[in-house]
Amino acid sequence: MVSVSEVFKAWQEGFTNKDSSRLAELLTDDFEMVRPAGGTRTRQETLDWTAAGGSPTSIDDLELLYENDDVAVIVHSANGVEVMGFYTKNDGKISQCRMVRQAV
């Protein structure tokens, strides 16, 4: 079973190294990222975005609020803005990531 801290580390390394191969191993084939401003990214769009280094994107300060085999809730910073995320798990991988951004 994948942990969200493992996914977070793969995302950080993916942005830095412009390589999404490790992240790809942790996401289901039907993965989607629901973005704060609306819209979604498919698995491939998410991997391409990560491999391009984000927008640029820098993520830090992971705080795991809750995690079990089905879901996880986290808070972290992204480009200096606090972000809350809700992750859904399926078959041992992440199937959805729903992000909420709020300026602090």
Side-chain angles (χ1 to χ4, degrees):
M1 181 63 61
V2 67
S3 71
V4 170
S5 59
E6 183 180 6
V7 173
F8 189 81
K9 183 176 179 179
W11 235 313
Q12 282 181 309
E13 291 173 356
F15 288 141
T16 300
N17 300 326
K18 296 188 177 183
D19 178 6
S20 61
S21 60
R22 176 68 183 126
L23 183 62
E25 298 171 8
L26 306 175
L27 306 178
T28 61
D29 291 341
D30 62 346
F31 171 84
E32 69 176 2
M33 173 186 272
V34 181
R35 300 182 307 172
T40 61
R41 280 195 177 110
T42 65
R43 179 181 190 272
Q44 191 57 55
E45 290 169 335
T46 300
L47 295 174
D48 292 347
W49 171 65
T50 302
S55 305
T57 302
S58 173
I59 57 175
D60 295 300
D61 305 321
L62 175 67
E63 180 181 354
L64 180 62
L65 301 177
Y66 178 81
E67 183 169 26
N68 65 22
D69 290 345
D70 300 315
V71 299
V73 180
I74 58 111
V75 176
H76 69 85
S77 64
N79 298 336
V81 177
E82 190 169 49
V83 176
M84 180 175 229
F86 178 79
Y87 288 76
T88 305
K89 301 178 184 183
N90 190 11
D91 294 329
K93 296 183 177 186
I94 301 298
S95 59
Q96 185 183 67
C97 170
R98 180 175 297 268
M99 305 305 295
V100 179
R101 285 188 150 185
Q102 179 64 45
V104 177

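We're numbering straight along the sequence, starting at 1.
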CZ-CD1 distance between Arg43 and Ile94, expressed to the nearest 0.5 angstrom: 12.5 Å

How many angstroms lie between CZ in Arg41 and CG in Asp48, if you round to the nearest 0.5 Å? 10.0 Å

Extract all donor-acceptor atom pairs below 3.5 Å that involve side chains of residues 52-59 and protein atoms in other chains or at least two apart in sequence.
from, atom 1, to, atom 2, distance (Å)
Ser55, OG, Trp49, NE1, 3.0
Thr57, OG1, Ser55, N, 3.1
Ser58, OG, Asp60, OD2, 3.4

Between CD of Glu63 and NE2 of His76, what distance do you get to the nearest 0.5 Å? 11.5 Å

Sorted by chain and residue number, the side chain to side chain donor-acceptor pair (under 3.5 Å) partners of Asp61 (sequence neighbours excluded) come out as Ser77

What pairs with Glu67 under salt bridge (Lys or Arg N to Asp or Glu O under 4.0 Å), at least two apart in sequence or on another chain? Lys89

Of all pairs that satisfy side-chain hydrogen bond (donor to acceptor under 3.5 Å, both in side chains), the ones with a partner from residues 90-99, not counting sequence neighbours: Glu32-Gln96

Within the structure provided, determine whether Leu65 and Met84 are in side-chain contact (heavy-atom separation under 4.5 Å). yes

Can you tell me how far CZ of Phe31 sits from CG of Leu47, rounded to the nearest 0.5 angstrom? 8.0 Å

Side chain to side chain donor-acceptor pair (under 3.5 Å) partners of Thr16, counting only residues at least two apart: none

For Met33 and Arg35: C-alpha separation, side-chain torsions, deciding distance, then whether side-chain contact (heavy atoms from CB on, under 4.5 Å) applies. CA-CA 6 Å; Met33 173 186 272; Arg35 300 182 307 172; 4.2 Å; yes

Heavy-atom distance under 4.5 Å between the side chains of Ser5 and Leu64, does that happen here? no

Would you call Thr50 and Phe15 a side-chain contact if the rule is heavy atoms closer than 4.5 Å? yes

Using the rule that two of Ile, Leu, Val, Met, Phe, Trp, Tyr join whenever any of their side-chain heavy atoms come within less than 4.5 Å, decide whether Val75 and Val71 are in one cluster. yes

Working to the nearest 0.5 Å, report the span between CG of Leu26 and OH of Tyr87. 11.0 Å

If I take atom OG1 from residue Thr88 and atom CG from residue Asp70, how far apart are they, to the nearest 0.5 angstrom? 9.0 Å

With sequence neighbours excluded, give me every side-chain hydrogen bond (donor to acceptor under 3.5 Å, both in side chains) pair touching residues 18-29. Glu6-Arg22, Asp19-Ser21, Arg22-Glu25, Thr28-Asp30

